[in-house]
Trainee: 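Handing you a structure now.
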Amino acid sequence: MFRPKVPTNPTPTGLVVPLTVEPTATVQHAPAPAPVAQSSTRPAVQLTPGTALALVGGGTAVVLIVGAVLVSMLLAVAVSGVSVAVCAVVLRCLLTSGRTYR
């Protein structure tokens with residue numbers, strides 16, 4: 001995918017052959033037809049009070065669930081950090097107390 005594409009030279013003579021540009025024929029296009037008004041067979045989306053309430057309730061539930069997951073993850077990281085810090089302080093105290101009594 002990222003390899004360069006080297007052009008193949010059918011005759012490896014070392015001569016540089018200029019590219020020849022062949023003239024192309026001009027094609028005249030017919031003008032585009034005028035747009036025709038299409039009748040819409042699909043009904044427009046209409047929000048009734050019940051569906052609006054359901055959408056608001058669903059959105060609120062999603063926000064609350066995502067918020068609870070993010071807060072619990074943050075709390076787990078904070079508790080892990082505090083426990084590592086407490087372990088570090090206890091180990092430091094144990095190591096320093098062992099050196100002073102000898």
Trainee: Please enumerate all residues that pass side-chain hydrogen bond (donor to acceptor under 3.5 Å, both in side chains) together with T48, with sequence neighbours excluded.
Mentor: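 Scan of T48 (side-chain hydrogen bond (donor to acceptor under 3.5 Å, both in side chains), adjacent residues dropped) gives T51.
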Trainee: L47: which other cluster members, linking ILVMFWY side chains closer than 4.5 Å, directly or transitively?
Mentor: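 Besides L47, the hydrophobic cluster comprises L55, listed by chain and residue number.
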Trainee: Can you give me the closest heavy-atom contact between V56 and T60, atom names plus distance?
Mentor: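 It is O-OG1, 2.8 Å.
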Trainee: Using the rule that Ile, Leu, Val, Met, Phe, Trp and Tyr join whenever any side-chain heavy atoms are under 4.5 Å apart, tell me whether V90 and V82 fall into a single cluster.
Mentor: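 Yes.
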Trainee: Could you identify which residues cluster with V62, counting Ile, Leu, Val, Met, Phe, Trp and Tyr as linked when any side-chain heavy atoms lie under 4.5 Å apart, either directly or through a chain of such contacts?
Mentor: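 V62 clusters with V66, L70.
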